[in-house]
Amino acid sequence: MADVVVIGAGATGLACAHALHRAGVDVMCVEGAREPGGIMRSGKVGPYLFEAGPNTIPASATTFRTLAHEAGIAERFQVSRKEASLRLVYRGGTLHPVPMSPGDLVKTRLLSWPAKLRLLSEPLRRMRPIASHEQEPTLEAFMRDRLGREAATTLGGAFVRGVYAAELSELGARSAFPRVFHLANDAGGLVRGMLRARKQREAAPQEAAPGPPTQRGDLLSFPSGLGELSLAMARGLTGSLLLGRGVVELERGPAGWRVSLEDGADLQARVVVLTTSPRDAHGLLALATPERVDLDPLLSLPTGDLTVVHLGLAQARVPPAFGFLVPPDQRPEDGAPRLLGALFPSNIFSGRAPAGHATVSAIYRTSPELEAGEGAALRTALDDLERGLGHAPGRVEAHRVDTWRAVIPRYGVGHVERMDALHTALRRAMPGLVPAGTWTGGVAIEDRFKTGLAAANEARRLLTAPREVPA
């Protein structure tokens, strides 16, 4: 018996269970995998350190920094190297630096002159406000309106592939990037919105975040990778974390919830926090939820399968940069790489590779070609890196292939409204259930931490509220 059972020990579930445990709540966190952290795991192959999922978190991510402090590892923060500030985009057979200032934009060969002029005129073209009751535009329509067709495809399309592994047309502007959309919508444009946000930020009192002093644009990790935080939070849950014991059934009764595990054990709880993927959540809720609750938004939510090919390279020849992205208009039949992008983690943080060596992570949408075996995935990655860099990246000394199923939900047009309606229906029909999976709250790790802490607050509120009867 526990007051709260948290299903899932990825970033969301760990943050939620951590917060509840610190607050003195009797909590149990249950995870089907044998390791905590979900995609936030790190490991070595020989002397090379590889990240299963994200490699960096912005230094501005205060929730991440606070959780690291509470877990006792803030003194182990690593700040990114200066090389990490250079981002590259593949176009026309070569790599171009992403322009970071008006001067860079004028000089870049990444865009044509008409595209540059269109982009530079953005502050002069006031955006028509979109009311909250209006249907949001696709991200493609929003970016084309603000940046122009060419810049939207080259810069926006590449960026979105790096975040969502999706195309601009598959996402809703307000759903996928709510902060950017609201800044532009309220201020009348992207540049206007960024300037207004900067003024507000400068005027607000600045609280020192845990860890080392950092500058805007810095990135953070740990010497052994971001998996250090997963393991540290898991250690803090000793006795309250069940690994390798997946949940197979949920049942709501008069006294609360019964959570059935795959090994035949049952847990009883007053509140359940559900942090699984959309499809896993649908499977658990389908038999527990009254038929009048429409669960289709979970089942029909598009998600992306990712394959990441990690390489440890000797005689490495990679540029001194964070990595490069490939826009959607660059075609493999014209010689472009087939990957979404590549990271150079050993350029970002020390300790990822021996001196004179490098780590590279090639990121793909999963395909049959990549699933034909590690040898096939390795050959594909080496060929694509040679296409992108213009030369062989180096001699492979170590490698690892990670494949993730349904790992990144794609927040399309109307996504937020659909999820809000679903959550309202679940709260009415299933008191004591807190939905907190990746289908809500954002896909970045900082978003997942924030969603986990919000779920912990909601669980505590439910524990002190009068007992509810399902509607």
Side chains of W439 and H423: donor-acceptor distance under 3.5 Å anywhere? yes

Rounded distance (nearest 0.5 Å) linking atom CZ of R418 with atom CG of D296: 9.5 Å

Taking the side chain as everything from C-beta on, heavy atoms only, tell me whether V79 gets closer than 4.5 Å to L219. no

How long is the span from the NE2 atom in H18 to the CG atom in L229, to the nearest 0.5 Å? 8.5 Å

Nearest 0.5 Å, please: how far is NE2 in H415 from CZ in R410? 13.5 Å

Does any N or O in the side chain of E136 come within less than 3.5 Å of the main-chain N or O of S175, such that one atom is a donor and the other an acceptor? yes

Between E134 and R128, is a salt bridge (Lys or Arg N to Asp or Glu O under 4.0 Å) present by the stated rule, with each step listed? CA-CA 12 Å; E134 292 184 75; R128 182 190 73 81; 3.3 Å; yes

Enter the distance from L243:CG to E35:CD here, rounded to the nearest 0.5 Å. 9.0 Å

S260: side chain to side chain donor-acceptor pair (under 3.5 Å) partners, not counting sequence neighbours: R258, D266

Neighbour count above 12 (heavy atom, 6.0 Å) for R198 CZ: no

Residues in ring pair (Phe, Tyr, Trp, His ring centres under 6.0 Å) with F159, at least two apart? F177

Charged N to carboxylate O below 4.0 Å: is that the case for E51 and R41? no

Across all chains, not counting sequence neighbours, the salt bridge (charged side-chain N to carboxylate O under 4.0 Å, His left out) partners of E374 are none

Do side-chain atoms of T238 reach the backbone of R235 as a donor and acceptor pair under 3.5 angstrom? yes

One thing to verify: whether R379 and D383 come together as a salt bridge, which I'm taking to mean a side-chain N less than 4.0 angstrom from a carboxylate O. no

NE2 (H399) and CG (L313) are apart, to the nearest 0.5 Å, by 12.0 Å

In Å and rounded to the nearest 0.5 Å, what is the NE2 to CG distance from H282 to L295? 5.0 Å

Once ring-ring contact (aromatic ring centres under 6.0 Å, His included) is applied, what residue pairs with a partner in residues 61-116 remain, sequence neighbours excluded? F64-F77, F64-F222, F77-F222

Write out all pairs satisfying salt bridge (charged side-chain N to carboxylate O under 4.0 Å, His left out) with one or both partners inside residues 90-108, taking only residues at least two apart or from two chains. R91-D329

Salt bridge check: are E31 and R245 linked by an N-O gap of less than 4.0 Å? no

Does anything in residues 52-66 form a side-chain hydrogen bond (donor to acceptor under 3.5 Å, both in side chains)? List the pairs, not counting sequence neighbours. T63-E446, R65-T214

Could you please spell out the steps behind the side chain to side chain contact (heavy atoms under 4.5 Å, CB included) verdict for Y164 and L171? CA-CA 9 Å; Y164 277 94; L171 302 173; 3.8 Å; yes

Checking L105 against L120 for the side chain to side chain contact (heavy atoms under 4.5 Å, CB included) test, could you report, in this order, the C-alpha distance in whole Å, the side-chain angles of both residues, the deciding distance, and whether it holds? CA-CA 8 Å; L105 181 59; L120 287 167; 3.5 Å; yes

Give every residue pair that meets the side-chain hydrogen bond (donor to acceptor under 3.5 Å, both in side chains) criterion with at least one member in residues 304-316, sequence neighbours excluded. T307-T366, T307-T403, H310-S361, H310-D402

Do E70 and L67 come within less than 4.5 Å of each other through their side chains, counting heavy atoms only? yes

Test L155 against L110 for side chain to side chain contact (heavy atoms under 4.5 Å, CB included), laying out the working first. CA-CA 9 Å; L155 299 176; L110 180 59; 3.7 Å; yes

If you look only at pairs with a residue in residues 339-349, which of them pass as a salt bridge (charged side-chain N to carboxylate O under 4.0 Å, His left out), with sequence neighbours excluded? none

Tell me, please, which residues at least two apart from R317 pass side chain to side chain donor-acceptor pair (under 3.5 Å). none

Does S121 have any side chain to side chain donor-acceptor pair (under 3.5 Å) partners at least two apart in sequence or in another chain, and if so, which? R125

Main-chain N/O of A11 paired with R448 side-chain donor or acceptor, under 3.5 Å: no

Is it the case that atom CD in E262 sees more than 12 heavy atoms from other parts of the structure closer than 6.0 Å? yes

Would you say that I7 contacts T275 through its side chain, given a criterion of any heavy-atom pair below 4.5 Å between the two side chains? no

Quick check against the 3.5 Å criterion: does T451 have a side-chain atom that pairs as donor or acceptor with the backbone of D447? yes

Main-chain N/O of A59 paired with R216 side-chain donor or acceptor, under 3.5 Å: no

Report yes or no: does N185 contribute a side-chain atom to a donor-acceptor pair with the main-chain N or O of I130 at less than 3.5 Å? yes

Are S350 and Q78 close enough that a side-chain donor and a side-chain acceptor fall under 3.5 Å? yes

According to ring pair (Phe, Tyr, Trp, His ring centres under 6.0 Å), who are the partners of F142, at least two apart in sequence or on a separate chain? F181

Could you walk me through whether I445 and M40 pass the side chain to side chain contact (heavy atoms under 4.5 Å, CB included) test, one step at a time? CA-CA 8 Å; I445 291 295; M40 199 172 71; 4.0 Å; yes

Check: V413 main-chain N/O paired with Q135 side-chain donor or acceptor under 3.5 Å: no

Check whether R161 reaches the backbone of V326 with its side chain - one donor and one acceptor, N or O, closer than 3.5 Å. yes

Are side-chain heavy atoms of V272 and V434 found at a separation under 4.5 Å? no

Should we say atom CG of L124 is surrounded by more than 12 heavy atoms from elsewhere, each under 6.0 Å from it? yes

I'd like to know if the side chain of T359 pairs up with that of R352 as donor and acceptor (distance under 3.5 Å, no hydrogens or angles considered). no

Sole candidate of V89, L325, T154 that passes side chain to side chain contact (heavy atoms under 4.5 Å, CB included) when paired with V98: V89

With sequence neighbours excluded, tell me which residues meet side chain to side chain donor-acceptor pair (under 3.5 Å) with R87. none

Given 3.5 Å as the limit, does a donor-acceptor pair link the side chain of S85 with the main chain of K82, or not? yes

Identified salt bridge (Lys or Arg N to Asp or Glu O under 4.0 Å) partner of E122 from the options R146, R144, K116: R146

Polar contact flag, side-chain donor to acceptor under 3.5 angstrom, T303-R279: yes

Looking at G442, is its backbone amide N or carbonyl O close enough to the side chain of Y411 to form a donor-acceptor pair, meaning the two atoms are under 3.5 Å apart? yes

Step through the shown structure and confirm whether more than 12 heavy atoms of other residues, nucleotides or ligands are within 6.0 Å of CD on Q215. no

How far apart are the C-alpha atoms of E369 and R338, what are their side-chain angles, what is the distance that settles it, and do they pass the salt bridge (Lys or Arg N to Asp or Glu O under 4.0 Å) test? CA-CA 11 Å; E369 180 182 23; R338 290 152 291 188; 3.8 Å; yes

